[in-house]
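So the structure is just underneath, and the comments pick up after that.
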There are 2 protein chains.
Amino acid sequence: MKLALNHKSPIPLHIQAEELLRKMIADPQFQNGKLLPNEIDLANQLAISRTTLRQALNKLVYEGLLIRKKGVGTKVADAMISSKSANWLSFSQEMKARGIPIKNFELHVSWIYPEEVIANFFNIKTDQKILKLERLRGKPEGPFVYFVSYFHPRTGLTGEEDFKRPLYDILQADYNIISELSKEEISAKAADKFIASKLETEPGSPILFRKRFVFDQADRPIEYNLGYYKADSFIYTVESRRS
Amino acid sequence: MKLALNHKSPIPLHIQAEELLRKMIADPQFQNGKLLPNEIDLANQLAISRTTLRQALNKLVYEGLLIRKKGVGTKVADAMISSKSANWLSFSQEMKARGIPIKNFELHVSWIYPEEVIANFFNIKTDQKILKLERLRGKPEGPFVYFVSYFHPRTGLTGEEDFKRPLYDILQADYNIISELSKEEISAKAADKFIASKLETEPGSPILFRKRFVFDQADRPIEYNLGYYKADSFIYTVESRRS
DNA sequence: GAACCAAATATGTACAAACATAGTGATTTA
DNA sequence: TAAATCACTATGTTTGTACATATTTGGTTC
C-alpha cells in the first residue's frame, strides 16, 4: 500500500489521512486484530504531525471502525456485521467501509397489490399496485440477509432502476426524495420454511427480524422494509444518551 | 452558569469541558440558534488551551449536538436525534406504561470475579470481585426475559439493596450515579440449555439478545448488562432522524 | 444609495514539544 | 522460583503558536 499524502492538494491533510486509514481498515492485512502502524511512525511516513494523524484516527474511532488501547496500539474493530442507528450509510456502503465483501444473490422486482398493513401505512387503496423489491445478500460464502421493500407510488420508481446502486442514492439523486426519518422494530423469530430456504438454514433457526418504516422530508411514508438476518451474522447497535 | 474546571482533578480537562458543554447545550440560554461563546474566549474562561476545548467540541460535533460554522460560530443543533423514546424507562416502568403486569420470578445477587471481557470494559483486574445481579422476569403466565447485570465497583453497590426498586433509581438516588450513555448491541441467537430452562422454552429456540454498556456522566463504565428475551415477546423500537 | 474594499471575527488546519499513563516483557531481587 | 522492579512502547493529555479561510460588518468611493 502506498503510504503518502499530497501536501500540495487543497484537500486537508487530516481528510487525506482519514481516506487512507479507511483503505487500511478494508485491507485484509490489518484484519483479525493485527495492529496498525503506531501513530508516530505512521505520522512520519505520511510526513504529517502526530496531531494531524490523530485527528483522522479520532474520527474513525468515533465511528467504531478502530479501537485504540493505551500502551498497546490501534487495531481495526472486529468486522462483525453491524449497523449503527442514526447512521445513514446504506447497507453496501457500510459493509464496504468495513472491508466486508458483499455478494448479491438475488434481486427481484415486481408490482403487487399491497396487503392491508402496507396499504394502511402508505394510506392507499389495496387495489393500487405498488413496487416490491426483494433482495438476497450476503458474503461470498452464502447469504445472510433477505430484504423485502415496498415503495409508495409517490417515489416514482418504475422498477427499471439499477438497484445495484444504493437505494437512498437512487431516491435522492433521481427522484429528489430524501429519507429523513426511519422507525424500526427489531425482534427475534424462528425462520419459516421460505426464509430458511432463502438463507440456506434450517426452519426454526433464529432470525433477527427488522421492520423498517421510512419517511421523507415531509414525514410522508415512502418505504416499508422487512429484513431477515441470519442469527449471529448481524448485530444491531444503538447508542442513546439521556438528555 | 459557573464556567470553571477543576485543574487538580484526575478527570482530563477535555472530558470536564465536554460535560460542561453538554450542560450548556441543555441550557435554554443557548437554544434556538443562539451562539455559544467563541472558542478563544471560552478556552480562556476555562483556563485551558483552545486545542483542548476543541477536543471537547469535536466530540459533540461528531454526535451531532453542535454545529460549527467557519467565520460565524458554534450553535446547538436543532434537537431530535435518535431513539431515546422508551430507552431510559426502566423495564418495569416501561411494562407498566404498556399495561403489562410484571411478575418477578427470580432475583439473585452474587459477588464474582469478572471474565476478561467485563474486566476489560470496566478497566479493572480480573481478581477484583464485582457485583452480579441475575433476574428472571415476565408475565404472570411465565418468564420471558432473563437479565444479567454486572456493576463496576465505583457504583458502591453492596448487594444489600432492594433490587425491586428500579435500578436507575437506586443508583441515582442512593449513590448519585446517573446513567448517562448507553451503548447496546442487539442480535438474535439460539437459546442454549441454561437459557432455555430459565425461560421455559426449548434449546435452540430463537432469542433476542441484548448486550448493554452503560456509562455515567463522565463516560466511565458502570454497568454491563445482558438481556435474553424470548422471541416475539419483545420488540425493540428505534427511531432515527437524519441530521 | 449601491458597489466595493478592508478590518474584525470565528472557526479550520497544522506543527512541535512535553509529559502522563497503561500495558508488555525482560531483568533483578527476595 | 516467584515476585518486584524497571525499561520500553504506544496511546492519552495538554499547551503554545501560527497561519488559512469563511462570514459579517462597517467604512469609503463612485
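Every chain is numbered from 1, with letters handed out A, B, ... down the list of sequences.
Nucleic acid contact class of Leu13(B) (heavy atoms, under 4.0 Å, all strands): sugar-phosphate only.
Taking 4.0 Å as the cut-off between side-chain N and carboxylate O, Arg212(A) and Glu223(A) do not count as a salt-bridged pair. Salt-bridge check for Glu18(B) with Lys23(B): failed, with every basic side-chain N at 4.0 Å or more from each acidic carboxylate O.
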Check the pair Phe147(A), Tyr229(A) against side chain to side chain contact (heavy atoms under 4.5 Å, CB included), reporting the backbone distance first and the verdict last. CA-CA 9 Å; Phe147(A) 286 121; Tyr229(A) 297 86; 3.3 Å; yes
Are Ile130(B) and Phe151(B) close enough, and set up right, to give a side chain to side chain contact (heavy atoms under 4.5 Å, CB included), and what steps lead you there? CA-CA 6 Å; Ile130(B) 57 167; Phe151(B) 296 95; over 6 Å; no
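Across the protein-nucleic acid pair, Ile11(A) atom CD1 and dA20(D) atom C1' stand 16 Å apart, rounded to whole Å. In this structure, Lys75(B) atom NZ and dT23(D) atom C1' are separated by 14 Å, rounded to whole Å. The nearest whole Å value for the distance from the NZ atom in Lys70(B) to the C1' atom in dT24(D) is 15 Å. Note: CG (Asn58(B)) to C1' (dT14(D)) measures 15 Å, nearest angstrom.
For the pair Thr52(A) and Gly71(B), nearest-nucleotide mapping onto DNA chain C gives the more 5' position to Gly71(B). Checking Arg54(B) against Leu53(A), the closest nucleotide of DNA chain C that is more toward the 5' end is the one next to Arg54(B).
Near DNA chain D, meaning a heavy atom under 4.0 Å from it, residues 37-50 of chain A has Asn38(A), Glu39(A), Ile40(A), Arg50(A) in order of number.
Between the CD1 atom of Ile25(A) and the CG atom of Leu20(A) there is a distance of 10.0 Å, given to the nearest 0.5 Å.
Residues satisfying the side chain to side chain contact (heavy atoms under 4.5 Å, CB included) criterion with Ile40(B), sequence neighbours excluded, are Asn38(B), Asn44(B), Arg50(B).
The span of DNA chain C lying next to chain A, judged by atoms under 4.0 Å from heavy atoms, is bounded 5' to 3' by dT13(C) to dG23(C).
If you look at Phe213(B) and Tyr224(B), their ring centroids are closer than 6.0 Å.
When only modelled atom types and interatomic distance are considered, Tyr146(B) and Glu106(B) share no side-chain donor-acceptor pair under 3.5 Å.
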